[in-house]
Amino acid sequence: MLLVGAIAIVAVVLTVQLRAILLGAAQQRIESIGNDIVEQVDRSGVTGTFGEGFQFDQTLALQENLDHWASPTTYLEMDNASGYPLGKSSNMGGERFTPTPLLPPQPPFYTDENIPELGHVLVRTQILDVRSGIMIKIGESLAIYDSTLARVRTLLAIVVVVAAGVVAAGSYALASRALEPIDRLIAAMREIRSDQLDSRVGWSDRADEIGELARTFDAMLERLEAGFSRERQFISDASHELKTPLTIINANAQMLERWADRDPQVRADSLRAIRDESAALAQIVNGMLLLAKAESGDGIPREPVALDAILADAVRSGRPRAEAKSLELNFVSQAAAGQPLVYGDANLLRQLFTNLIDNAIKFTDRGHVDVRLSARNGTAEVDVVDTGTGIDAESLERIFDRFYRTDKSRDRAVPGTGLGLAIVRSITRVHEGSVRASRRPEGGTAFHVSLPTLTSIS
Ligand code: ADP
């Protein structure tokens, strides 16, 4: 539309220009005749003054004289001051120009007239003699001018219409060609149903932007599929974990129903089992809630948190359990350039270290658990090291997975949910940090947490 509009504007400008040029040529022609006649009047000599002894050379108004200036397209008429014709060129026949009674002085002017026999004429009226007011009217036929202009207008209109047609057809073809692969891509995307996340558009060979879009879409599907599969696994693991205590609670409830009245021992055992299993259930549910919170990322409240105070808290809460097992629990803060501040959620950070310290105590029977804090170059490093059972190389890869517990801890019936380290990993991630575990050559396990620090306070 813009292009057609531009072409139409060019056509209008061209017509206006052409009209001005043609009209200018006609004006020039009659102006030069007018000037020649004025020269002739000057030469013929006018004597006397207006009113007394005035004499205008009347022969100038004779038809022969006027015919001398006339041509098939140029007409001449000489009028007196009241607009009465003194003479006309013979080609005017019985016609005359519209009378314009004038009082001199008056500069030459142009009018546009339509005269029955002569047609469309441009008329120049010029006073020849200031005293008598005699004037010459020279008309130039605009027939050729009109027909030329009409032809050019028709031609330009055709050009505009044809251009519009060509532009419209071209744009349509171009747009269809450009959109065709997008239509095919949309069709391919529509075929992929929500329960078929393993299908792909598969346009790996296309090198253009559409191919890039298809590949990006496939990559997104890949991530979605992995995410969905992780969530499915989580739901299945969670159901499995919840099922065991529920089954035990159910079985003990049935025992109570049958035996509670008759056997006080059964009643006491069943009630204890129900209490223990419901506590385990609550622990799993709490763990899942905490994990969901830690994974919510941006949703957590953040403030500058002094890491040494958080660690001191976590160590303090672990101390009774360490003492119950006669374990040494040490906390050493080695932060050289003041105490590191982490920008994050104090409760989540406390949970992170509580989980690591609890595990260290849980899986250590003899020796000690050391917690060390150091900070350098904008990073706080926390080590939680124990002299416990250690973790075999195969399990080291998986201990951060949700619900993963090593066979050792299952066999020994160590209490736990398998969510503790998954929570640790989520909390470090949401604080843009990292966590890794390693086996100590001398036995035991070392957990190493790195967290970016805000600044240090002295
Ligand atoms: P749990 O609730 O079982 O402790 P976690 O996610 O905290 O769940 O730990 C996962 C598994 O990693 C544990 O079951 C245990 O086998 C192993 N683990 C974690 N911490 C230690 C440690 N300090 N020493 C030995 N094994 C550990």
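In what follows, residues are counted from 1 in the order of the sequence shown. Every number for a ligand or one of its atoms is a count from 1 in the order of the listing.
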Considering only heavy atoms, does T389 approach ligand 1 within less than 4.0 Å through its side chain, its backbone, both, or neither?
side chain

Would you check the N or O atoms of G420, main chain and side chain alike, for any that come under 3.5 Å of an N or O of ligand 1?
yes

Any heavy atom of N355 closer to ligand 1 than 4.0 angstrom?
no

Tell me if the CG atom of L289 is crowded by more than 12 foreign heavy atoms within 6.0 Å.
yes

Take atom CZ in R19; do more than 12 heavy atoms of anything else shown fall under 6.0 Å from it?
no

Honestly, is R425 close enough over F400, meaning NZ or CZ under 6.0 Å from the six-membered ring centre and within 45° of the axis?
no

Counting heavy atoms only, which of G287, G418, A360, A437 comes nearest to atom 8 (O) of ligand 1?
G418

Between T406 and ligand 1, which part of the residue brings a heavy atom under 4.0 Å of the ligand: side chain, backbone, both or neither?
both

Looking only at non-hydrogen atoms, the one of I399, I361, V385 nearest atom 17 (C) of ligand 1 is I399

Where's the contact between L421 and ligand 1, heavy-atom distance under 4.0 Å: side chain, backbone, both or neither?
both

Going by the order shown, which atoms of ligand 1 are within less than 4.0 Å of some heavy atom of K362?
1 (P), 2 (O), 4 (O)

Enumerated ligand 1 atoms positioned under 4.0 Å from heavy atoms of G416
2 (O)

Count the heavy atoms of every other residue, nucleotide or ligand shown that sit under 6.0 Å from CD of Q106, and state whether that count exceeds 12.
yes

Going by heavy atoms, is F400 under 4.0 Å from ligand 1?
no

For the CG atom of D401 and the OH atom of Y404, what is their distance to the nearest 0.5 Å?
8.5 Å

Between E381 and S450, a side-chain donor and acceptor under 3.5 Å:
yes

Heavy-atom contact check, 4.0 Å cutoff: does G388 meet ligand 1?
no

Which atoms of ligand 1 sit under 4.0 Å from any heavy atom of F447?
20 (N), 23 (N)

Evaluate Y404 for polar contact with ligand 1, using N/O atom pairs at a separation under 3.5 Å.
no

Would you compute the distance between atom CD of E113 and atom NE2 of H120 and round it to the nearest 0.5 angstrom?
9.5 Å

Distance only, no hydrogens: is a donor on one side chain within 3.5 Å (strictly under) of an acceptor on the other, for T417 and Q283?
no

Under 3.5 Å between some N or O of ligand 1 and some N or O of A422?
no

Under 4.0 Å, heavy-atom basis, I'd like to know which part of D386 is in contact with ligand 1: side chain, backbone, both or neither.
side chain

Within 6.0 Å of CD1 in I144, more than 12 heavy atoms from elsewhere:
no

Can you confirm whether more than 12 heavy atoms, excluding those of M1, are under 6.0 Å from its CE atom?
no

